[in-house]
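First the structure, in the form of structure tokens, and then the observations on it.
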Amino acid sequence: MHAFGIRVASLLRAGDVVLLTGDLGAGKTTFTRGLGEGLQVRGPVTSPTFVLARTHPSLVGGPALVHVDAYRLGSALELDDLDIDFARSVVVAEWGAGLIEVLTESYLSIEIDRPHGAGEAPDAGIDDASIEPVEPRQVRITGVGPRWS
């Protein structure tokens with residue numbers, strides 16, 4: 001998910017909005033870390049769960065990355081109250097379905113599905129408990145609105 005975020009960053013510009021959807025542990029924040037690396041913003045990029053939104057300024061004169069966790073927001077008005085600079089930033093919203101669509105006509109929707117349960121060890125010949133199982137994700141990308149038509 002991190003490498004995928006780096007690749008997607010090359011497609012984004014100021015004013016772009018990315019809507020991330022997926023279960024807990026699907027890789028939304030890992031994707032956003034990669035996006036931050038690809039955009040070359042100040043980090044570390046961490047989950048903004050308790051602050052709702054975190055801005056990461058560019059280190060190279062590009063757009064800032066605004067990382068939003070909309071899980072606890074009840075409406076698009078609450079999201080709008082965060083006073084996010086949509087025009088000069090790349091905005092990534094986790095759990096923003098039903099909210100982002102009200103605030104912008106164009107966004108990139110990325111849905112991440114992960115398997116539930118244990119994955120396979122990266123190499124069955126290695127007996128190392130510290131190696132995490134491989135859990136491949138399925139990702140659906142949908143461009144919405146004039147920016148992605």
Side-chain angles (χ1 to χ4, degrees), residues 1-58 63-86 89-124 126-145 147-148:
M1 292 308 303
H2 185 268
F4 177 55
I6 293 171
R7 289 181 64 194
V8 170
S10 68
L11 304 173
L12 301 177
R13 62 183 188 219
D16 284 343
V17 176
V18 179
L19 171 62
L20 295 179
T21 306
D23 292 341
L24 286 172
K28 297 180 298 295
T29 299
T30 301
F31 168 84
T32 306
R33 278 190 197 105
L35 201 66
E37 183 178 323
L39 292 171
Q40 299 182 52
V41 299
R42 188 172 66 210
V45 174
T46 59
S47 178
T49 300
F50 299 106
V51 295
L52 301 179
R54 184 171 280 125
T55 300
H56 300 274
S58 175
L65 171 65
V66 179
H67 187 191
V68 178
D69 184 330
Y71 185 77
R72 294 181 295 152
L73 298 178
S75 71
L77 287 175
E78 289 180 18
L79 180 58
D80 193 42
D81 284 345
L82 295 176
D83 203 26
I84 296 169
D85 186 355
F86 281 89
S89 306
V90 169
V91 177
V92 176
E94 297 184 28
W95 307 104
L99 305 176
I100 288 296
E101 302 90 335
V102 176
L103 298 176
T104 183
E105 64 180 356
S106 290
Y107 59 94
L108 192 61
S109 173
I110 299 178
E111 298 175 58
I112 307 166
D113 289 325
R114 70 172 181 88
H116 294 278
E120 298 177 17
D123 184 342
I126 297 175
D127 186 23
D128 185 346
S130 68
I131 298 175
E132 293 190 27
V134 174
E135 293 186 333
R137 271 63 171 163
Q138 286 190 321
V139 178
R140 282 181 300 284
I141 305 168
T142 307
V144 176
R147 163 70 171 104
W148 302 103

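For this chain, numbers begin at 1 and follow the sequence in order.
By the salt bridge (Lys or Arg N to Asp or Glu O under 4.0 Å) test, R140 is found to be paired with E111, D113, residues two or more places apart in sequence or in another chain being considered. Residues passing the side-chain contact (heavy atoms from CB on, under 4.5 Å) test with L99, sequence neighbours excluded: A70, L73, L79. Every residue two or more places apart in sequence or in another chain that forms a side-chain hydrogen bond (donor to acceptor under 3.5 Å, both in side chains) with R147 is listed here: D16. Annotation: side-chain contact (heavy atoms from CB on, under 4.5 Å) contacts of T104 (sequence neighbours excluded): V17, I100, Y107. Partners of D85 according to the side-chain contact (heavy atoms from CB on, under 4.5 Å) rule, which considers only residues two or more places apart in sequence or in another chain, are A87, R88, S89.
Between the side chains of S58 and Q40, no donor N or O sits under 3.5 Å from an acceptor N or O.
T32 contributes atom OG1, which lies 7.0 Å from atom CG of L65 (distance to the nearest 0.5 angstrom). Rounding to the nearest 0.5 angstrom, the gap separating the CG atom in L108 from the CD1 atom in I141 is 6.5 Å. How far CG of L20 is from OG1 of T29: 8.5 Å, rounded to the nearest 0.5 Å. The structure places CZ of F31 at 3.5 Å from CD1 of I110, a figure rounded to the nearest 0.5 Å. The OG1 atom of T55 lies 7.5 Å from the CD1 atom of I84; values are rounded to the nearest 0.5 Å.
Counting only heavy atoms from C-beta outward, the side chains of V92 and V66 never approach each other to under 4.5 Å.
The two residues V45 and R33 have their closest heavy-atom pair at O-NE, 3.0 Å. Nearest approach of P57 to A64, heavy atoms of both residues: CA-CB, 4.1 Å. Of all the heavy atoms in A53 and L82, the pair that sits closest is CB-CD1, 4.2 Å.
Of the possible donor and acceptor atoms, none in the side chain of K28 sits under 3.5 Å from a partner among the backbone N and O of W95. Judged purely by atom type and a 3.5 angstrom limit, R137 has no side-chain atom pairing as donor or acceptor with the backbone of P115.
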List the steps and the verdict of side chain to side chain contact (heavy atoms under 4.5 Å, CB included) for L39 and V90.
-> CA-CA 9 Å; L39 292 171; V90 169; 4.1 Å; yes
Could you walk me through whether V68 and E94 pass the side chain to side chain contact (heavy atoms under 4.5 Å, CB included) check?
-> CA-CA 6 Å; V68 178; E94 297 184 28; over 6 Å; no
What side-chain donor-acceptor pairs closer than 3.5 Å can you find for residues 1-15, not counting sequence neighbours?
from: H2; atom 1: NE2; to: E37; atom 2: OE1; distance (Å): 3.1
from: S10; atom 1: OG; to: R7; atom 2: O; distance (Å): 2.7

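Using cut-offs of 30° and 60° for the angle between ring planes, the H67 and H56 rings count as tilted.
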